[in-house]
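Input: a single structure, listed below in structure tokens.
Quick note: residue numbers are just sequence positions, from 1.
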Amino acid sequence: MKQDLVNFLKKQKKYLLTIFLTINILFAVSKIFISEKTYDNHEERFAYQQAKILNTYMSEYRHYYQALFVDGRLELNDKTLPVLPAYSSTIIGKNFSNNNDFKISVKTVSDNARNPLNNADALELEAIEKYKNNPDLKETFKKIEKKDGDYYLYTSVLKIKESCLVCHSSRDSAPAFIAKKYSGAFGYKLNDVRGVVSVKIPTKHIGEFFLVPTLLSGNAYGHHNFSMSISPS
């Protein structure tokens, strides 16, 4: 009787050990899954915040230099053309993309660009159409999955303002330099969609930013403090 009890307890011990190990494995797997979801949320929020910051900077840059021409402080000609935002933002955006650690690209693009380098790609054209069909829409943000690398695409709508009409209403009313140099991108009206600010943030380099510090500290998928951040609107 005593021996039977001992054998019974030994068998129960094996079962309990198996159950205990199974529970621990399930717990570990669920913890990894939750950590990965947390990481994905941090990655997406980080990308959105940085895109918003870059969009704000681009908008202020465009406004300042555009005003120099609209206010008459600069005369538009061949010498001053490189200062015009529609021209200079292409060069600055390319240099920025090549020289920042995250390989982020920032461009102003259009479905009716005067400069071929500012032509919108398929996804940017999709965003432009969305803005045209949704007048109250201010921005779009989504993750794009591609074979050569995923990235986040943020766009902010560019609409025709009073100052834009100087060069984009009719060709006859445009400054002589613009009317002579360009044959397209005329006929716009106030509040028409002119294009978008496009920000593309590759996920690969965000991953390096998140994972390297946490792996070195032995806390994979841990939290990271950001020095550049804004609250999503």
| query | What about Y57 and F96, are their ring centers closer than 6.0 Å? | reply | no
| request: Could you tell me whether F141 and Y152 have their ring centroids closer than 6.0 angstrom? | output: yes
Is a donor from one side chain sitting under 3.5 angstrom from an acceptor on the other, for [X] and [Y]?
{"X": "Y48", "Y": "E139", "answer": "yes"}
{"X": "S110", "Y": "N118", "answer": "no"}
{"X": "S88", "Y": "Y61", "answer": "yes"}

Salt bridge between [X] and [Y], side-chain N to carboxylate O under 4.0 Å?
{"X": "E44", "Y": "K142", "value": "no"}
{"X": "K107", "Y": "D121", "value": "no"}
{"X": "K146", "Y": "D148", "value": "no"}

Does [X] share a hydrophobic cluster with [Y], counting links as ILVMFWY side-chain heavy atoms below 4.5 Å and allowing steps through other members?
{"X": "L54", "Y": "Y154", "result": "yes"}
{"X": "V197", "Y": "L117", "result": "no"}
{"X": "L153", "Y": "L158", "result": "no"}

| request: Could you check V83, L81, N77 and say which one makes a side-chain contact (heavy atoms from CB on, under 4.5 Å) with K79? | output: N77
Provide the closest heavy-atom pair for [X] versus [Y] in the form atom of the first, atom of the second, distance.
{"X": "E124", "Y": "S198", "result": "OE2-OG, 2.6 Å"}
{"X": "P85", "Y": "Q66", "result": "CG-N, 3.7 Å"}
{"X": "A185", "Y": "N112", "result": "CA-ND2, 3.3 Å"}
{"X": "S89", "Y": "M58", "result": "CB-SD, 4.3 Å"}

| query | side-chain hydrogen bond (donor to acceptor under 3.5 Å, both in side chains) with N115: which residues, sequence neighbours excluded? | reply | none
| request: Taking side-chain hydrogen bond (donor to acceptor under 3.5 Å, both in side chains) as the test, write out the residues that go with Y131, two or more places apart. | output: T155
| message | Is any side-chain heavy atom of L123 closer than 4.5 Å to one of I144? | response | yes
| said: Donor-acceptor pair, distance only, cut-off 3.5 Å: does the side chain of S97 make one with the backbone of K103? | reply: no
| query | Do side-chain atoms of R171 reach the backbone of A179 as a donor and acceptor pair under 3.5 angstrom? | reply | yes
Rounded to the nearest 0.5 Å, what separates atom [atom1] in [X] from atom [atom2] in [Y]?
{"X": "Y151", "Y": "I104", "atom1": "OH", "atom2": "CD1", "result": "14.0 Å"}
{"X": "N100", "Y": "I201", "atom1": "CG", "atom2": "CD1", "result": "9.0 Å"}
{"X": "R114", "Y": "H168", "atom1": "CZ", "atom2": "NE2", "result": "4.5 Å"}
{"X": "E162", "Y": "C164", "atom1": "CD", "atom2": "SG", "result": "9.5 Å"}

| query | Cluster partners of Y188, using ILVMFWY side-chain heavy atoms under 4.5 angstrom, listed by chain and number? | reply | I160, L165, L190
| message | As a quick check of understanding, evaluate side-chain contact (heavy atoms from CB on, under 4.5 Å) for R62 and T108, giving each step before the final call. | response | CA-CA 10 Å; R62 285 172 55 83; T108 55; 3.9 Å; yes
| said: Run the side-chain contact (heavy atoms from CB on, under 4.5 Å) test on K52 and S156 for me, step by step, so that the C-alpha distance in whole Å, both residues' side-chain angles and the decisive distance to 0.1 Å come before the verdict. | reply: CA-CA 9 Å; K52 289 277 286 185; S156 174; over 6 Å; no
| said: Just checking K143: does its NZ atom have more than 12 heavy atoms from other residues, nucleotides or ligands closer to it than 6.0 angstrom? | reply: yes
| field | Heavy-atom neighbours of K161 NZ exceed 12 at 6.0 Å | value | no
| request: Enumerate the residue pairs fulfilling side chain to side chain donor-acceptor pair (under 3.5 Å) with a member in residues 176-185, sequence neighbours excluded, ordered by first and then second residue. | output: none
| message | According to side-chain contact (heavy atoms from CB on, under 4.5 Å), who are the partners of K132, at least two apart in sequence or on a separate chain? | response | D111, I128, E129, V193
| remark: Applying side-chain contact (heavy atoms from CB on, under 4.5 Å) to K130 and not counting sequence neighbours gives N134, L137, T140
| request: Could you give me the CA-CA distance, side-chain angles and deciding distance for S170 and S173, then say whether side chain to side chain donor-acceptor pair (under 3.5 Å) is met? | output: CA-CA 5 Å; S170 70; S173 64; 2.8 Å; yes
| request: Please report the C-alpha distance between Y87 and Y65 in whole Å, then the side-chain angles of each, then the deciding distance to 0.1 Å, and finally whether the ring-ring contact (aromatic ring centres under 6.0 Å, His included) criterion is met. | output: CA-CA 11 Å; Y87 185 101; Y65 283 99; over 10 Å; no
